[in-house]
Amino acid sequence: MSLLSVYFIRVSVPEPAQTRFDLEQGPERCSRRFLFNASVVSSGLESGVVNHPSRHSTYGTIYSDSRCFRLCLHTLATIDPMTVRTRFAPSPTGYLHIGGVRTALFNWLLAKQAGGQFLLRIDDTDAQRNVAEALQPILNGFQWLGIDWDEGPTLDGLSSKGPYGPYFQSQRLELYQAAADKLLETGHAYRDFARPEELAAQREEAEKAGKTFIYDRRWMASTPEQAAEFEAEGRNGVVRLKMPRDGVCAFNDLVRGPVEFEWAAEQDHVIQRADGTCLYHLASVVDDYEMKITHVVRAVEHLSNTPRQIFIAQSLGYALPIYAHLPFVAEPGGSAKLSKRKLAAYLKNKDFAGLFELGQNIAKRTGLSTSLETFNPVIVDFYQTVGFLPDAILNYLLLLGWSLDDSREAFTREEMIQLFSLDRVNKAPASFDIAKLVSFQSRWMNSTELDTKVALCMPYLKAAKIVGEQPSEEEVAHVGKVVAAAGDRIKVAGDVLDYDDFFASDETLVFNPADVDKRLKADPTAVGYVKKYREVLSSIESFDVATLEQSLNQFMEAEGIKFKQIIHALRVALTGKSVGFGMFDAMAILGKQSCLARIDRAMQL
RNA sequence: GGCCCCUUCGUCUAGUGGUCUAGGACAUCGCCCUUUCACGGCGGCAACAUGGGUUCGAACCCCAUAGGGGUCACCA
């Protein structure tokens with residue numbers, strides 16, 4: 001079995017025209033930013049094609065000059081940037097994990113940047129359930145986030161679009177079968193008749209001895225006769241990879257640099273089950289090839305799967321894709337992988353619990369029944385329901401493991417696409433920080449146009465039955481005023497529900513008892529001023545902010561009092577609460593009639 | 001346990017041998033603004049995991065140790 005030759009080159013002067021390289025034969029560690037994957041074409045080290053996938057990307061030939069190599073830039077690329085094809089391959093699990101979105105985002109960015117294609121492929125080789133249904137939240141999530149796929153399932157999850165379809169693995173079984181057959185034919189795989197419990201026993205034994213388990217191929221059937229013999233014993237056959245037992249598997253990872261694994265430590269993985277169905281690794285390699293994927297960018301959990309996939313690919317005669325393994329997204333405040341199964345523990349995190357509670361409240365008000373399983377900050381649906389902005393989420397996720405420089409944090413989609421590069425992706429896991437996510441959301445929300453904000457908030461008001469399904473023009477205008485006055489207090493669209501007191505009828509407005517006690521009952525003087533000021537209000541014709549402000553100023557001057565001597569009582573009287581918008585904004589929104597009616601009601605309390 | 005990986009403020013990160021008494025952001029604390037809340041402004045606290053080397057000089061290169069994590073399926 002011939003190994004891919006990988007050499008690593010260190011560049012000393014990153015100048016375009018006359019760059020010098022020191023050639024080293026991997027796996028020496030050096031800064032990955034100066035690492036290039038060189039597939040050396042000739043047998044010696046005289047020349048080769050250099051694939052330099054960084055920002056100052058170029059491709060070229062290296063020529064030997066004893067220990068030094070010169071890169072001559074070619075305008076022609078080995079990999080035409082336009083052919084960059086990346087993919088995200090979710091299983092139809094019924095939800096879209098926030099960590100998965102980060103992986104998908106990086107893939108999407110890479111493809112968009114190069115003008116290539118991003119595809120979605122559904123890894124449902126093991127699917128027991130209704131795939132279209134379990135796919136829906138995933139497809140919805142990507143659609144909502146604006147991560148569009150050039151090829152993959154249709155929006156309804158029922159069929160495929162794109163030239164290399166179908167994009168459901170469950171519909172490509174013949175392809176995998178053919179690949180398995182070929183592997184068998186060429187001797188890269190074998191039929192095996194071991195029983196699971198027999199292997200488990202051996203595995204346990206190896207672990208006890210502190211050694212890597214290596215299957216001794218005891219039940220490998222080399223001939224049809226032998227296979228028949230095993231079958232006569234009542235054994236079921238699977239197909240296993242016949243992995244090399246010496247040498248190393250070396251490849252260059254765009255994030256992790258040179259990587260090496262001992263072949264001998266690799267298992268003879270099963271690629272086809274006893275029932276004839278094929279497994280993920282085979283399917284994945286076949287599909288990546290058939291779908292012409294150029295860059296396999298996935299989470300680091302898959303790093304240790306790469307040797308077996310390389311083995312499959314090379315055995316099948318495929319050219320290898322470029323690999324990049326992203327660090328995983330870690331749990332809030334921890335370093336373990338973020339997992340949907342550990343929600344109870346995350347709920348002990350203050351920020352996580354806070355956001356979760358906010359979501360619960362909004363869901364309750366909008367009449368949405370939720371369960372922890374399907375509605376929590378690990379799942380993308382949650383953010384959509386609560387009213388986050390896709391741009392904010394993408395912006396935050398972009399910075400989880402990637403940075404541009406020492407200061408810049410805000411990126412629009414266009415900027416992300418333009419500036420993203422794999423060579424600035426970190427190796428260490430990054431923990432998911434809810435507070436920072438929320439901070440990005442606030443920033444993005446604050447820079448959103450009023451009309452857009454109103455449109456974002458409207459569905460919440462409708463769902464909570466605060467405005468009608470078909471709001472009248474006045475209603476829409478009223479919402480506009482409230483949202484404008486709320487300003488940056490609305491951080492997520494669902495926050496608009498906090499201002500329902502501007503929609504309540506004057507008769508049903510609920511007064512917060514604690515605020516009433518503190519600002520009205522405990523302060524009769526203030527109440528007296530409010531009563532007096534009510535008379536001033538009743539004579540005002542035009543209820544706009546400027547007039548109102550002027551009237552109160554005159555009133556205070558006449559009474560010889562300060563703002564704070566009346567404002568708190570007035571606020572509680574008008575809105576039922578002691579916190580809220582600017583006072584004059586609030587009065588202008590309510591209008592004269594409501595203001596008077598509410599003061600009258602408050603005075604009865 | 002085997003194999004592999006990771007390690008800079010609480011968190012995300014900048015950092016590629018001298019520009020580092022280590023920069024930015026979030027969080028936090030204080031002050032200012034103020035009409036409550038929110039925003040905003042200013043400032044403070046706060047990190048190179050440890051130990052050895054190499055070097056005139058190490059956050060950066062090498063080696064150990066420690067800690068953390070990933071992965072070891074007829075799952076994906």
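Lettering of chains follows the sequences in order, A, B, ..., and the numbering in each one begins at 1. No hydrogens, no waters, no symmetry mates; every other heavy atom, side chains included, goes into these values.
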Would you tabulate the pairs of protein nitrogen or oxygen atoms and nucleotide nitrogen or oxygen atoms of nucleotides 30-35 of chain B closer than 3.5 angstrom?
{"residue": "B/rU35", "atom": "O2", "partner": "A/Arg571", "partner atom": "NH2", "Å": "2.4"}
{"residue": "B/rU35", "atom": "N3", "partner": "A/Met583", "partner atom": "N", "Å": "3.2"}

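- When distances run from any side-chain atom of A/Ser407 to the nucleotides B/rA76, B/rG24, B/rC12, the shortest one goes to B/rG24.
- Screening residues 199-215 of chain A for side chain to side chain donor-acceptor pair (under 3.5 Å) gives A/Asp192-A/Tyr215 as the qualifying pairs, with residues at least two apart or on separate chains.
- As judged by a 4.0 angstrom heavy-atom cut-off over every strand, A/Asp405 is placed among residues touching the sugar-phosphate backbone only.
- With hydrogens and angles ignored, no donor-acceptor pair under 3.5 angstrom links the side chain of A/Lys436 to the base of B/rA27.
- A/Ala194 comes within 4.0 angstrom of a base, heavy atoms only.
- Within the 4.0 angstrom heavy-atom criterion, no nucleotide atom of any strand lies near A/Gly487.
- Residue A/Arg424 places no side-chain N or O under 4.0 Å from the OP1 or OP2 atom of B/rU13.
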Heteroatom pairs (N/O) under 3.5 angstrom, protein to nucleotides 69-71 of chain B:
{"residue": "B/rU71", "atom": "OP1", "partner": "A/Lys337", "partner atom": "NZ", "Å": "3.0"}
{"residue": "B/rU71", "atom": "O2'", "partner": "A/Ser304", "partner atom": "OG", "Å": "3.3"}

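- Here A/Val238 lies in heavy-atom contact (under 4.0 Å) with a base.
- Rounded to the nearest Å, the gap between the C1' atom of B/rU28 and that of B/rA64 is 37 Å.
- Heavy atoms of A/Ala265 sit nowhere under 4.0 angstrom from any nucleic acid atom.
- Within 4.0 Å of A/His281, counting heavy atoms only, lies at least one base atom of the nucleic acid.
- Using atom P as the reference point in both B/rC60 and B/rG51, the two lie 12 Å apart (nearest Å).
- A gap of 47 Å separates the C1' atoms of B/rC29 and B/rC72, to the nearest Å.
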